[in-house]
There are 2 protein chains.
Amino acid sequence: MSATSKTKGETTRERILEIAESAVLAKGFSNTSIDEIIAEAELTKSGFFYHFRDKTALAQALLSRSFEQDDQILGGIFERARELSDDPLHAFLIGLKMFAETMGDMDEAHPGCMVATVTYHDKQFNNEIRAMNRAGMIRWRSLFLSFLEDIVRTYPPRTEVDIDVLADMLSSTVEGGIVLSKVFNDPKVLADQILQYRTYVRLLFLGN
Amino acid sequence: MSATSKTKGETTRERILEIAESAVLAKGFSNTSIDEIIAEAELTKSGFFYHFRDKTALAQALLSRSFEQDDQILGGIFERARELSDDPLHAFLIGLKMFAETMGDMDEAHPGCMVATVTYHDKQFNNEIRAMNRAGMIRWRSLFLSFLEDIVRTYPPRTEVDIDVLADMLSSTVEGGIVLSKVFNDPKVLADQILQYRTYVRLLFLGN
DNA sequence: GCGAAAACTGTACCTTCAGTCCAGTAAATC
DNA sequence: GATTTACTGGACTGAAGGTACAGTTTTCGC
């Protein structure tokens, strides 16, 4: 068995996660039953519990998977943005525009969507899930902060701001934008909110 | 029976809602059982279903109640803010500061908390709930828009913005801020995000 | 104070769902 | 060919959301 190929178990596990993900994003976690997942995955209940200790373990795996995908998307966008401009401010603004476009084109699987789904379901959810959530949010903060720290070095802000809060504001904008997008059933709302954040950043460091 | 006093049924109904609300905010909707609620309310299952057709009807009543309370809080704050300054911009800024302070002092019953709880649980939730959610969001938008429309009349914005999006940005900030507050288990995060929005508004119309 | 409507109680029953236990088996791996 | 991995099958449990419906108490209008 080579290092890259998957065992049979890994393949099944991923099939379960794939099916569960689309069901959870469509109907919410508690409205997705194990019976329903195993029916679509064509395996038995025993088979399911061979892979996941309980339903919370499934949630954990879904969240972990979702964070990996989100990190890929976000990382990719802002890495490309850095390539397109040597100036940190303009790179950040380019990244934000691409980010808004990407989000406007999605309709269900928004980065952060699983975060909020799980966060709102939780409270009885275990500590590992909360820790993963926190770790993910801190990772995003670091990414945005890496731009902001470079920016303040060359662009004095027009008013005093805490760049940690400014970094978190983007995460907050995404999470809040998803709620509004769901309520109004329109992905454009999220894209508009990200662009509004972009306008703020531009105004703050560029003055227009 | 005078017009203001409550019938026995209304009293019981409100007792149920009171108990359900704190349980839902503490543990989430699907982790709150009807059995648990009726035990605390000291009535039977039949009694519960006399007041609510099913659990979804309870969610609906909770959301409606929560919107009424939120409207009261928000309305009160921004009415007071208008009293404190004749200038629409400064009134809005005062309102935002009071709003941030109010949110920072709360820890569970944030306005909008029930909105997001229900929004994320939904999808199988009926159309009435989605309509209520939309109506509530539109009401908030109107409130904030009433300030912004007055503001743009005397303060030309430093850069071009869609004030509808800017109005929604506050709702978005609250919803997103609640997610972050939950993840980091710190109400200050929400307050900081509202203050960051305030900084944006000040910068946009006042330039500092 | 009486009758009707409102506000329940009590019991029994049904379904879905998460989860457990465990014995057996097919397939991959060493 | 033995061992581990990846399951199947079946029987069962307890919690939770209901449903059905007959009977009882409480309140209200007159």
Side-chain angles (χ1 to χ4, degrees), chain A residues 1-20 23-24 26-63 117-118 121-126 128-129, chain B residues 1-20 23-24 26-63 117-118 121-126 128-129:
Chain A
M1 179 73 63
S2 78
T4 50
S5 74
K6 289 162 192 167
T7 64
K8 202 195 172 198
E10 277 166 351
T11 309
T12 306
R13 197 185 136 94
E14 272 169 39
R15 197 170 72 247
I16 294 171
L17 287 173
E18 201 88 11
I19 291 164
V24 168
K27 308 185 298 176
F29 186 72
S30 51
N31 298 321
T32 302
S33 71
I34 294 171
D35 285 347
E36 175 193 340
I37 294 166
I38 62 177
E40 206 179 321
E42 289 176 317
L43 79 155
T44 61
K45 217 172 202 182
S46 316
F48 175 87
F49 285 106
Y50 175 79
H51 290 287
F52 301 99
R53 200 162 66 267
D54 49 31
K55 215 189 169 188
T56 300
L58 175 68
Q60 209 171 312
L62 281 174
L63 190 60
T117 300
V118 170
H121 189 274
D122 105 344
K123 217 73 189 199
Q124 147 256 43
F125 267 12
N126 63 41
E128 287 171 70
I129 286 187
Chain B
M1 176 77 59
S2 78
T4 50
S5 75
K6 289 163 193 166
T7 64
K8 201 198 171 198
E10 278 165 350
T11 310
T12 305
R13 198 185 135 94
E14 272 169 40
R15 197 169 73 246
I16 293 171
L17 289 173
E18 201 87 12
I19 292 164
V24 168
K27 308 184 298 176
F29 186 71
S30 49
N31 299 320
T32 302
S33 71
I34 294 171
D35 284 347
E36 175 192 340
I37 295 166
I38 62 178
E40 206 178 323
E42 288 176 317
L43 81 156
T44 60
K45 217 173 200 182
S46 317
F48 175 87
F49 285 107
Y50 176 79
H51 289 287
F52 301 99
R53 201 161 66 266
D54 50 29
K55 215 189 170 189
T56 301
L58 174 68
Q60 208 171 313
L62 281 174
L63 190 61
T117 300
V118 170
H121 189 275
D122 103 346
K123 218 71 188 201
Q124 147 255 46
F125 269 10
N126 62 40
E128 287 171 72
I129 287 189

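Protein chains get the first letters and strands the later ones, always in sequence-line order, with residue 1 at the start of each.
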Sorted by chain and residue number, the side chain to side chain donor-acceptor pair (under 3.5 Å) partners of B/Glu128 (sequence neighbours excluded) come out as B/Gln60
Original post:
Reckon A/His51 has a side-chain N or O less than 4.0 Å from the OP1 or OP2 of D/dC7?
Top reply: yes
Original post:
Please walk me through it: do A/Ile16 and A/Ile38 pass side chain to side chain contact (heavy atoms under 4.5 Å, CB included)?
Top reply: CA-CA 8 Å; A/Ile16 294 171; A/Ile38 62 177; over 6 Å; no
Note: A/Glu36 and A/Ala23 closest approach over all heavy atoms is OE2-CB, 4.0 Å
Kindly list each side-chain donor-acceptor pair under 3.5 angstrom involving residues 39-51 of chain B, sequence neighbours excluded, with atom names and distances?
residue : atom : partner : partner atom : Å
B/Thr44 : OG1  : B/Gly47 : N            : 3.2

When rounded to whole Å, the OH to P distance for the pair A/Tyr50 and D/dG9 reads 17 Å
CD (B/Glu10) and CG (B/Leu17) are apart, to the nearest 0.5 Å, by 11.5 Å
Residues at least two apart in sequence or cross-chain that pass salt bridge (charged side-chain N to carboxylate O under 4.0 Å, His left out) with A/Glu14, listed by chain then number, are A/Lys6
In whole angstroms, the gap separating P of D/dC28 from CD of B/Glu10 amounts to 11 Å
d(A/Leu63 CG, A/Thr56 OG1) to nearest 0.5 Å is 12.0 Å
When rounded to whole Å, the CG to C1' distance for the pair A/Leu58 and C/dC17 reads 14 Å
Checking B/Asn31, B/Ile37, B/Thr32 against B/Val24 for side chain to side chain contact (heavy atoms under 4.5 Å, CB included), the one that qualifies is B/Thr32
Closest to the side chain of B/Thr44, out of C/dA7, D/dT8, C/dT9, is C/dT9
So, with a heavy-atom separation below 4.0 Å from DNA chain D, the residues of residues 11-20 of chain A are A/Thr12
In short, the helix from C/dG1-D/dC30 to C/dC30-D/dG1 is bent end to end, axes from five pairs each side, to 10°, by 30°
Quick tally for nucleotides 12-26 of chain D: nucleotides whose base has a protein heavy atom under 4.0 Å get B, sugar-phosphate-only ones S, the rest -, giving ----SBBB-------
